[in-house]
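For reference, the structure discussed in these notes is given below.
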Amino acid sequence: MSESHRPYARSHFSEATERRLEEIRHIFQDAEPVAEPFALERLDAEAIADRRVFKRRFGYDWPLRFHREALIRLRQERDWTDGEVKLFLISGTLRRGPFGVRPAASAWIAAFGGALIALMLLFVATVGLLFVARSASLSIELVARGGGVMLTYLGIAWLAYQLYIRPWRVLRRESAVKPWRQFSP
């Protein structure tokens, strides 16, 4: 049998080496782990201090340190990811003011987005039914145009969901999670 297929066998070291290894094991057992700052906390501190880091991280340049600090604090309180912060920034549902930063996604805007999505899906269904009914007599070019129109409508529906409904759902999720946070240590 080759050496690579042998079961594990403990290496035999000299007695002096074994004593040193045992001392090192005891040192490691007694040692306390070094508490390093979390990477996210470090990134948050850098984003507050430096505008360029903030812009690289979130895609927007907020010149006032007060607003950057308020946004990072809001992200930490609500336990948002960087992607969710970017979503709020892109959709324009974060309001900066003299008292800080607050999310402003409303149910009315989400309802508008839902109506827009329903309208786009109705258009897709209508175009699809027309093409199915007339598919035998249509040219490939016309079918390709119809498919492009349908994909465009689906893209608009997806965009409406991202800009109007998703920020509201993130805020709604947060209100459902908050009562549990007050009981955590």
Side-chain angles (χ1 to χ4, degrees), residues 33-128 131 143-185:
V34 178
E36 292 187 26
F38 293 111
L40 197 55
E41 290 176 2
R42 191 170 19 94
L43 284 174
D44 289 344
E46 289 175 5
I48 290 170
D50 191 0
R51 285 173 56 181
R52 290 177 300 178
V53 173
F54 184 86
K55 184 174 183 179
R56 195 175 322 121
R57 184 172 174 190
F58 297 116
Y60 284 84
D61 183 22
W62 283 15
L64 295 179
R65 179 186 173 99
F66 170 73
H67 287 146
R68 293 191 306 266
E69 188 173 346
L71 178 63
I72 296 295
R73 194 174 335 107
L74 181 68
R75 188 197 65 74
Q76 291 170 346
E77 288 170 3
R78 302 275 179 118
D79 198 25
W80 287 345
T81 63
D82 284 357
E84 290 169 342
V85 171
K86 288 177 188 177
L87 170 74
F88 279 99
L89 290 169
I90 289 169
S91 65
T93 54
L94 280 179
R95 302 287 181 243
R96 292 183 281 181
F99 302 111
V101 177
R102 64 179 177 84
S106 74
W108 291 105
I109 293 175
F112 169 74
L116 186 61
I117 289 171
L119 187 64
M120 291 297 117
L121 293 179
L122 179 68
F123 285 157
V124 167
T126 304
V127 170
F131 276 94
V143 171
R145 285 184 188 175
V149 167
M150 289 171 60
L151 286 176
T152 302
Y153 286 151
L154 286 175
I156 292 171
W158 177 82
L159 191 62
Y161 174 78
Q162 293 294 324
L163 293 178
Y164 299 127
I165 296 176
R166 193 163 167 235
W168 174 73
R169 289 187 68 178
V170 169
L171 282 180
R172 197 168 139 223
R173 179 195 73 202
E174 291 302 321
S175 65
V177 171
K178 259 189 178 172
W180 293 104
R181 289 194 183 159
Q182 65 187 352
F183 298 115
S184 63

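Note that this is a predicted model, so its numbers are computed, not measured. Positions are given from 1, in the same order as the sequence printed here.
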query = To the nearest 0.5 Å, what is the distance between CD1 (I109) and CG (L116)?
reply = 13.0 Å
Under 3.5 Å donor-acceptor, R57 side chain and L43 backbone = yes
message = Do the side chains of D61 and R51 get close enough for a salt bridge, i.e. N-O under 4.0 angstrom?
response = yes
inquiry  = In the structure I gave you, are the side-chain heavy atoms of F88 and V170 within less than 4.5 Å of one another anywhere?
reply    = yes
Separation of I90 CD1 from R166 CZ (nearest 0.5 Å) = 9.5 Å
request  = Under the side-chain contact (heavy atoms from CB on, under 4.5 Å) rule, what do M120 and I117 come out as? Steps first, then yes or no, please.
outcome  = CA-CA 5 Å; M120 291 297 117; I117 289 171; 5.7 Å; no
key: Pairwise distance CD1(I156) to CG(L151) - rounded to 0.5 angstrom   = 11.5 Å
Exercise answer: donor-acceptor pairs, residues 62-72 side-chain atoms, under 3.5 Å, sequence neighbours excluded:
residue	atom	partner	partner atom	Å
H67	NE2	G97	O	3.0
R68	NE	A47	O	3.4
R68	NE	I48	O	3.1
R68	NH1	W62	O	2.8
R68	NH1	P63	O	3.1
R68	NH2	I48	O	2.9

key: Interatomic spacing from CG in L159 to CG in L154 - rounded to 0.5 Å   = 12.5 Å
ask   = Just one of L87, V85, T93 clears the side-chain contact (heavy atoms from CB on, under 4.5 Å) bar with L89, so which one?
value = V85
note = Note: G114 and I165 closest approach over all heavy atoms is N-CD1, 3.6 Å
message = Can you list everything that forms a salt bridge (Lys or Arg N to Asp or Glu O under 4.0 Å) with R75? Sequence neighbours excluded, please.
response = D44
ask   = Just how far is it from atom OH of Y161 to atom CH2 of W168, taken to the nearest 0.5 Å?
value = 10.0 Å
Check: R95 side chain, G92 main-chain N or O, donor-acceptor pair, under 3.5 Å = yes
Reported CZ-to-CG distance for the pair R102 and L74, which is rounded to 0.5 angstrom = 11.5 Å
task = Would you mind checking if R173 and E84 are paired as a salt bridge, meaning a charged N to carboxylate O distance below 4.0 Å?
result = yes
task = Of all the heavy-atom pairs spanning D82 and F58, show the shortest one and how long it is.
result = OD1-CE2, 3.6 Å
